[in-house]
Amino acid sequence: MPTYKAPLRDIRFLMNELFDYPAHYATLQNGENADPDTIEMILEGAADYCENVLSPLNQSGDEEGCHFNDGEVTTPKGFKAAYDQFVQGGWQGLSYPEEFGGQGLPMSLNLIKSEMMGTANWSFTMYPGLSMGCMNTIMQFGTDEQKNTYMPHLVAGTWAGTMCLTEPQCGTDLGQVKSKAEANADGSYKISGTKIFISAGEHDLTENIVHIVLARLPDAPAGTRGISLFIVPKFLPTADGGIGERNGVSCGSIEHKMGIRASATAVLNFDDAIGYLIGEPNKGLHAMFTFMNTARIGTAVQGLAHAELSFQGALPYAKERMSMRALSGKKEPEKVADPIIYHADVRRMLLTQKAIAEGGRAMIYHAAQIADKMADALAQGDQEKFDAYDDKLGFFTPILKGFLTELGLEAANHGMQIFGGHGYIKEHGMEQIARDARIATLYEGTTGVQALDLIGRKVLLSSKGKVVREYTAEILRFAGRHAPNKYMRRFSWDLTKICAQWNALTVRIMLAARKDRDIVSSASVDFLMFSGYAMMAYFWAQQAAVASEKLEDGTGKESVEFYKAKIKVADFYFERILPRTQGHAEAMVNPSRTMTSLPADHFSFDY
């Protein structure tokens with residue numbers, strides 16, 4: 001199994017030299033305590049916990065899986081002890097208000113911690129990860145009473161949280177939700193219905209689980225306009241904040257899955273369970289998007305995490321495995337063959353993994369700064385500023401989720417390929433990474449759903465292409481500033497061309513959609529992938545720019561080799577990966593008829 005080592009050098013490079021996190025934190029109300037010493041302590045502490053506690057449980061957790069017995073779920077051996085250490089370390093409350101027992105630090109630090117945890121052991125990380133979305137929803141939409149009742153326990157990590165959307169008859173189309181909510185005389189509600197695919201829906205890690213549930217009131221309008229949101233705890237809280245009687249929610253079963261087998265995915269049955277309305281009646285979907293956006297950014301981290309872990313597993317193997325001689329001549333003549341890292345095709349796969357992991361990390365760390373500013377605007381009560389940052393992050397979210405999870409799966413497959421036949425054998429752990437990575441492209445909205453959200457809602461309907469124009473204008477300003485630099489000239493030129501093409505494609509699809517409405521759907525995934533490759537190119541160019549500056553002025557905190565490697569990987573990305581955009585560009589502007597003209601009954605004549 002790959003031994004996880006936290007990539008602290010790259011994390012520090014992004015935080016200190018590329019994105020200037022210290023200056024960023026100085027602009028935030030809660031950034032005062034995020035001083036360099038505190039940040040370093042958090043990074044080192046998280047790395048130690050992830051490397052020495054979580055990583056050793058990754059393969060054993062996959063082999064054992066979760067156990068279900070008469071409604072009770074037991075997590076794999078070692079998970080409970082690891083979670084107790086997580087609670088004792090105060091890791092859950094890192095970025096939550098001090099009034100509820102948290103440390104009040106910026107949200108980005110929590111995300112960076114989550115990246116390390118997710119790479120070390122994604123199945124384990126899902127348990128506290130779902131709680132963060134629950135906390136964010138309660139913080140933004142809950143009453144003071146709800147916050148005081150639930151937040152201290154959730155922040156401490158002694159209670160966990162979930163989100164309950166999907167039902168047997170509906171997944172993405174939440175307008176079909178059938179779960180019912182009927183008012184009680186005391187202001188609470190009786191919740192009835194079945195929810196499926198509930199990650200961390202039942203487990204033995206915490207003393208209580210707080211479910212955030214979508215359901216319909218009796219007089220609710222049809223469709224998505226008639227959905228309300230409720231807090232439904234596994235155990236009802238007592239007046240003094242303790243745990244009371246068992247609520248009417250039970251686990252009917254857990255799923256037998258391809259991957260993330262140590263994470264319990266539950267079927268939950270609500271039988272007149274007591275629930276409490278959160279937010280306004282019939283506006284639950286709006287509040288739930290707070291939870292879903294949290295989860296989607298978290299799933300984007302999964303793409304990065306599996307690319308990183310597969311790279312960390314494949315690299316030492318490529319350096320040790322002997323096979324044939326390099327075409328350019330013997331590299332290690334004293335041995336019977338050369339290590340496979342000297343073969344160009346193996347380097348293609350390793351460099352692709354490295355480019356995906358480090359490029360994806362840069363994209364996510366930038367988005368984390370926007371999330372910090374959103375949280376800061378919310379804390380200040382500045383709704384206009386909050387909405388502006390929310391719109392900006394909304395453009396990034398489907399690209400991060402859809403694009404990075406697709407590339408994370410690609411990187412995981414490369415890891416197996418580098419191992420050859422051994423990659424197919426469980427004991428090496430590479431196939432587990434690929435199995436775990438597969439779900440990331442599916443849950444929290446499939447790649448197709450993210451693509452429709454991007455081009456349909458964010459680009460065409462909401463902004464008429466303005467969001468692309470504004471983002472490419474930012475890239476073009478960067479390209480113009482760095483064009484005179486000898487290291488950067490080639491990157492600046494390619495960025496200029498890709499920005500012009502991105503805008504032209506947006507306009508072409510917008511115009512074509514007037515006559516061919518299906519083109520929005522038929523072009524959507526190609527548009528998302530094109531956007532992702534273009535965006536990652538920008539972040540690789542930024543890394544190359546900083547690296548070249550540090551090499552010239554000698555002020556870098558890392559080694560000369562580190563900065564040279566950044567430029568080499570940027571070269572590789574622009575020469576070998578960015579050209580993929582042209583296939584997507586050509587495909588997306590073709591009429592939809594090749595997808596839509598074949599009658600449904602004619603797809604098969606055999607069954």
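Positions are given from 1, in the same order as the sequence printed here. Values in this document were obtained by computation on a predicted structure and should not be read as measured data.
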**Item:** Side chains of Y83 and T206 in contact at under 4.5 Å (non-hydrogen atoms)
**Value:** yes
**Request:** Answer yes or no: is there a side-chain heavy-atom contact under 4.5 Å between D453 and T397?
**Result:** no
**Asked** Under 3.5 Å, is there a donor-acceptor pair between the side chain of S192 and the main chain of D272?
**Response** yes
**Asked** Tell me, do E145 and Y276 make a side-chain contact under 4.5 Å, heavy atoms counted?
**Response** no
**Asked** Given side chains that start at C-beta, do those of Y189 and L217 come closer than 4.5 Å, heavy atoms only?
**Response** yes
**Asked** Is the Y49 ring parallel, tilted or perpendicular to the F124 ring (thresholds 30°, 60°)?
**Response** perpendicular
**Asked** Does a side-chain heavy-atom distance below 4.5 Å link C66 with H203?
**Response** no
**Prompt:** Going by distance alone, is a donor N or O of one side chain under 3.5 Å from an acceptor N or O of the other, for Q88 and D84?
**Reply:** no
**Request:** Determine, stepwise, if the pair Y443 / F197 fulfils ring pair (Phe, Tyr, Trp, His ring centres under 6.0 Å).
**Result:** CA-CA 9 Å; Y443 60 8; F197 299 160; over 10 Å; no
**Asked** How about D240: does its CG atom have over 12 heavy atoms from other parts shown lying under 6.0 Å from it?
**Response** yes
**Request:** Please lay out, stage by stage, how H306 and L404 fare under the test side chain to side chain contact (heavy atoms under 4.5 Å, CB included).
**Result:** CA-CA 10 Å; H306 288 123; L404 290 184; over 6 Å; no
**Heavy-atom donor-acceptor pair, K464 side chain to L461 backbone, under 3.5 Å** = yes
**Prompt:** Rounded to the nearest 0.5 Å, how far apart are CD1 of I455 and OG of S524?
**Reply:** 6.5 Å
**Prompt:** Going through the checks in order, is the salt bridge (Lys or Arg N to Asp or Glu O under 4.0 Å) test met by E115 and R361?
**Reply:** CA-CA 9 Å; E115 181 216 325; R361 183 175 294 114; 3.0 Å; yes
**Request:** Inspect the surroundings of CD in Q176 and state if more than 12 heavy atoms from other residues, nucleotides or ligands are less than 6.0 Å away.
**Result:** yes
**Request:** Please round to the nearest 0.5 Å and tell me the distance separating atom CZ of F230 and atom OG of S179.
**Result:** 10.0 Å
**Message:** Does R225 form a side chain to side chain contact (heavy atoms under 4.5 Å, CB included) with N282? I'd like the steps, not just the answer.
**Reply:** CA-CA 6 Å; R225 293 180 299 170; N282 302 325; over 6 Å; no
**Asked** Are there more than 12 heavy atoms of other residues, nucleotides or ligands under 6.0 Å from atom CZ of R246?
**Response** yes
**Asked** Between K458 and P398, what is the shortest heavy-atom contact and its length?
**Response** NZ-CD, 4.0 Å
**Atom pair CG (L393) and CZ (R296), whose distance is rounded to the nearest 0.5 Å** = 12.0 Å
**Message:** Restricting to non-hydrogen atoms, name the atom on M536 and the atom on G360 that form the minimum distance, rounded to 0.1 Å.
**Reply:** CE-N, 3.5 Å
**Item:** Which atom of L277 lies closest to which atom of S228, heavy atoms considered
**Value:** CD1-CB, 3.9 Å
**Prompt:** Does a donor on one side chain sit under 3.5 Å from an acceptor on the other, for E406 and T447?
**Reply:** yes
**Message:** Within a 6.0 Å radius of atom NZ on K147, are there more than 12 heavy atoms belonging to other residues, nucleotides or ligands?
**Reply:** yes
**Prompt:** Counting only N and O atoms by type, is there a donor-acceptor contact under 3.5 Å from the side chain of Q450 to the main-chain atoms of E444?
**Reply:** yes
**Request:** List the steps, then state whether side chain to side chain contact (heavy atoms under 4.5 Å, CB included) holds for Y365 with Q369.
**Result:** CA-CA 7 Å; Y365 282 28; Q369 289 185 317; over 6 Å; no
**Prompt:** Do E470 and K392 meet the salt-bridge criterion of a basic N to acidic O distance under 4.0 Å?
**Reply:** no
**Request:** Check whether any side-chain heavy atom of V249 lies under 4.5 Å from a side-chain heavy atom of I209, and answer yes or no.
**Result:** no
**Atom pair CG (N30) and CG (L105), whose distance is rounded to the nearest 0.5 Å** = 7.0 Å
**Prompt:** Does a sphere of radius 6.0 Å around NZ in K283 hold more than 12 heavy atoms from other residues, nucleotides or ligands, not counting ones at 6.0 Å or beyond?
**Reply:** no
**Asked** Is there a donor-acceptor contact under 3.5 Å from the side chain of T143 to the main chain of Q146?
**Response** yes
**Message:** Between K190 and N184, is there a side-chain heavy-atom distance shorter than 4.5 Å?
**Reply:** yes
**Request:** Starting at OG of S463, measure out to CZ of R457 and round the result to the nearest 0.5 Å.
**Result:** 13.0 Å
**Fill in**
Taken to the nearest 0.5 Å, the spacing of Q169 CD from K178 NZ works out to 5.0 Å
**Asked** Under 3.5 Å, is there a donor-acceptor pair between the side chain of S521 and the main chain of D518?
**Response** no
**Message:** For the residue pair Q432 / D436, report whether a side-chain donor-acceptor contact shorter than 3.5 Å exists.
**Reply:** yes
**Complete:** In terms of heavy-atom contacts, D204 and T75 come closest through OD1-OG1, 2.7 Å
**Message:** Quick one: does any side-chain atom of N208 pair with a main-chain N or O of F235 as donor and acceptor, under 3.5 Å?
**Reply:** yes
**Asked** Donor-acceptor pair, T446 side chain versus L442 backbone, under 3.5 Å?
**Response** no
**Request:** Let me see the working for C134 and Y150 under side chain to side chain contact (heavy atoms under 4.5 Å, CB included), right down to the final yes or no.
**Result:** CA-CA 10 Å; C134 176; Y150 296 101; over 6 Å; no
**Asked** Are the side chains of S263 and K257 in touch, meaning some heavy atoms are under 4.5 Å apart?
**Response** yes
**Message:** Does either side chain, that of H24 or that of D372, offer a donor lying less than 3.5 Å from an acceptor on the other one?
**Reply:** yes
**Item:** Main-chain N/O of G201 paired to T162 side chain as donor or acceptor, under 3.5 Å
**Value:** no
**Prompt:** Distance-only, no hydrogens or angles: does the K195 side chain make a donor-acceptor pair with backbone N or O of L214 under 3.5 Å?
**Reply:** yes
**Asked** For the residue pair N121 and L54, what are the closest heavy atoms and their distance?
**Response** ND2-O, 3.1 Å
**Message:** Looking at every heavy atom in both S199 and M126, which two are closest together, and how far apart are they?
**Reply:** OG-CE, 3.4 Å
**Message:** Looking at A264, is its backbone amide N or carbonyl O close enough to the side chain of Y127 to form a donor-acceptor pair, meaning the two atoms are under 3.5 Å apart?
**Reply:** yes
